[in-house]
Amino acid sequence: MPELFGEISLKKDSDSPLYLQLYSKIKEMIENGILSPDYRLPSIRKLSSMLKINQVTVVSAYRQLESEGYVYSRPGSGIYVSRFPGNPLTRSQAGSLMADELYNQDDLAIISGGNIKIHEGTINFASATPTPDTFPVEDFKAAINEVLDRDKGSAFGYHESQGYIPLRECLCDMLKENGIPCKPENMMIISGAQQGIDIISKAFLHQGDYIITESPTYTGAIAVFNSRRAEIVDVEMKEDGPDLNILEYSLKKYRPRLIYTIPTFQNPTGYSYSIGKRSALLDLADRYDVYIIEDDYVSDLDFEDRKYVPLKAMDKNSRVIFIKSFSKIFMPGLRLGFMLVPERFHGNLLEAKHTTDISTSGLIQRAFDLYIRKGFWNRHWNFMYNVYKERYFTMINALDRHLPGSVGYRKPGGGLNIWLNVDYRSWTESLFNRSAAAGVLFAPGRIFYSGSHPQNLYNIRLSFAAVYREQIEEGIAKLCEIMDSLQKDNHSPSNLPIL
Ligand SMILES: Cc1ncc(COP(=O)(O)O)c(C=O)c1O
């Protein structure tokens, strides 16, 4: 049977993406009965080498087949042909692994040989994205309908690249209440924080330019800087921010164009800069004439009253480009966020935004504006804050009760991630495989390091955005049980294969 797969021919010069071509061929084989129910498809690695295509292409084709119910996955075992292809039940159960972080998603799929998928019952500490049941669909629908009645065709015209003015005004008022000075003319609406990182990089970075990032850091940012062929200089993220001597040394040595930072409840560590390091960073930026991208993706999720002040609120000399994401509170698929841009960069950044997508969807901007003005946003924000807060404390309690003594972590005080420090290099790999087989997923720490850094194998990231309170205790207990058994097995780095 595997020879059948070897005969699949894909046209690299076709308009149809390779993954869709592959998906169609396999779907056809299933529909024609060539592949029978419960037949195990080749692993991602095997099929990609057979067809000489990227593993990500195979992952995407399998994911498409799974979302349509043609195949299903058995964690730890493989991908199989469904008994009832196209069955909507299977379709509704199919979830995305980590759609918030494409690289994590593919990375996890790849390192697990394609065996790991979300299914009902998976306890997913790997995803930092809210689950769809928390999305305020009815209220947003009401806002969209009202906008359509009110604005008619204008809602569908091209919009200003900088963003719909009433929305900018409304967001500025919200920011001022939180101590960040803001004028609508300095704000730009973007299609998610990811786009913000991308367009800043487009405007600032050329091949060979240096950029300083924390290490570890957000995988989506690493991917953008790599795509600009910039040189990433990473500075280790400590529990209270980076070591300032190393930061200054790197500024002197590399003369970077930009520093990318997530100063509050950092992804993946959950660590935050102390107030001293915040002001020192701004001073260094002035001294070495460098600009700072402040990625604020969850600073408002402060569960222990840490009251961290955003860099932007302390930015007297306009060194900071502030990016705000709504994806962890609201509906990430809307693709909405904003940036606060120092005046001298308006032109460059507007041009980069314009060449990227002209503007963020006008309909979505108008609906979001109305949604905020009607008070829905405040209500939803409170709801999400309380959901996450409860999960945060449940998680901390479970960790404190179950974690083996050899595994440490620092309580972040907020955000969505907890960073565990394990003491054996071999652990994270075998732990990942064993816990995935037991239906518990986490993100291995090494995927958050840029290529220039020796891969770190001593950490794992646990997120609590996509797990229900009731799952947390069970998931942490299972994970810690596996840690205990690994410790008892006395695995040493030398006798375990590293994936
Ligand atoms: C630190 C960080 N920045 C940016 C993003 C992307 O956010 P958005 O959905 O607004 O593009 C993420 C998503 O996980 C993130 O973790």
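Counting from 1, the numbers follow the sequence of the chain as shown. Just so it is clear, the model here is predicted, and its values are computed rather than measured. Counting convention: from 1, in listed order, for ligands and their atoms alike.
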For Gly192, counting its heavy atoms only, list the atoms of ligand 1 lying under 4.0 Å from any of them. 10 (O), 11 (O)
Of the backbone atoms (N, CA, C, O) and the side-chain heavy atoms from C-beta on, which set of Ala193 has a member under 4.0 Å from an atom of ligand 1: side chain, backbone, both, or neither? both
At a 4.0 Å cut-off, with the gap strictly under it, does some heavy atom of Gln266 reach an atom of ligand 1? no
Indicate yes or no: does an N/O atom of Gln195 lie under 3.5 Å from an N/O atom of ligand 1? no
Report, in ascending order of atom number, the atoms of ligand 1 lying under 4.0 Å from any heavy atom of Lys328. 13 (C), 14 (O)
Contact between ligand 1 and Arg335 is defined here as a heavy atom of the residue under 4.0 Å from a ligand atom; is it met? yes
For Asn267, counting its heavy atoms only, list the atoms of ligand 1 lying under 4.0 Å from any of them. 1 (C), 15 (C), 16 (O)
Quick one: ring-ring contact (aromatic ring centres under 6.0 Å, His included) pairs with a partner in residues 304-338, sequence neighbours left out? Phe140-Phe330, Phe265-Tyr308, Phe326-Phe338, Phe326-Phe368, Phe326-Trp377, Phe330-Phe368, Phe330-Tyr371, Phe330-Trp377, Phe330-His380
NZ/Lys277: more than 12 non-hydrogen atoms of other groups inside 6.0 Å: yes
Among Tyr210, Tyr288, Tyr249, which residue meets the ring pair (Phe, Tyr, Trp, His ring centres under 6.0 Å) test with Tyr254? Tyr210
Considering only heavy atoms of Gln194, which atoms of ligand 1 have at least one such atom less than 4.0 Å away? 6 (C), 8 (P), 11 (O)
Taking both backbone and side-chain atoms of Ser325, is any N or O found less than 3.5 Å from an N or O belonging to ligand 1? yes
Is Phe326 close to ligand 1, meaning an N/O of one under 3.5 Å from an N/O of the other? no
Worked verdict on Tyr385 versus Phe303 for ring-ring contact (aromatic ring centres under 6.0 Å, His included): CA-CA 8 Å; Tyr385 177 85; Phe303 307 130; 5.4 Å; yes
At a 4.0 Å threshold, what atoms of ligand 1 neighbour a non-hydrogen atom of Ile262? 1 (C)
Any chance you could measure Lys253, atom NZ, to Arg255, atom CZ, to the nearest 0.5 Å? 13.5 Å
Looking only at distances, can you tell me whether any N or O atom of Tyr218, backbone or side chain, sits closer than 3.5 Å to an N or O atom of ligand 1? no
Of Arg306, Lys324, Lys307, Lys389, the one forming a salt bridge (Lys or Arg N to Asp or Glu O under 4.0 Å) with Asp300 is Lys324
Under 3.5 Å between any N/O of Tyr297 and any N/O of ligand 1: does that happen in this structure? no
For residues 171-249, which residue pairs pass the disulfide bond (SG atoms under 2.5 Å apart) check, not counting sequence neighbours? Cys172-Cys182
Would you check if there is a donor-acceptor pair between the side chains of Asn417 and Tyr271 at a distance under 3.5 Å? no
When you check the side-chain N and O atoms of Ser359 and Glu160, is any donor under 3.5 Å from an acceptor? no
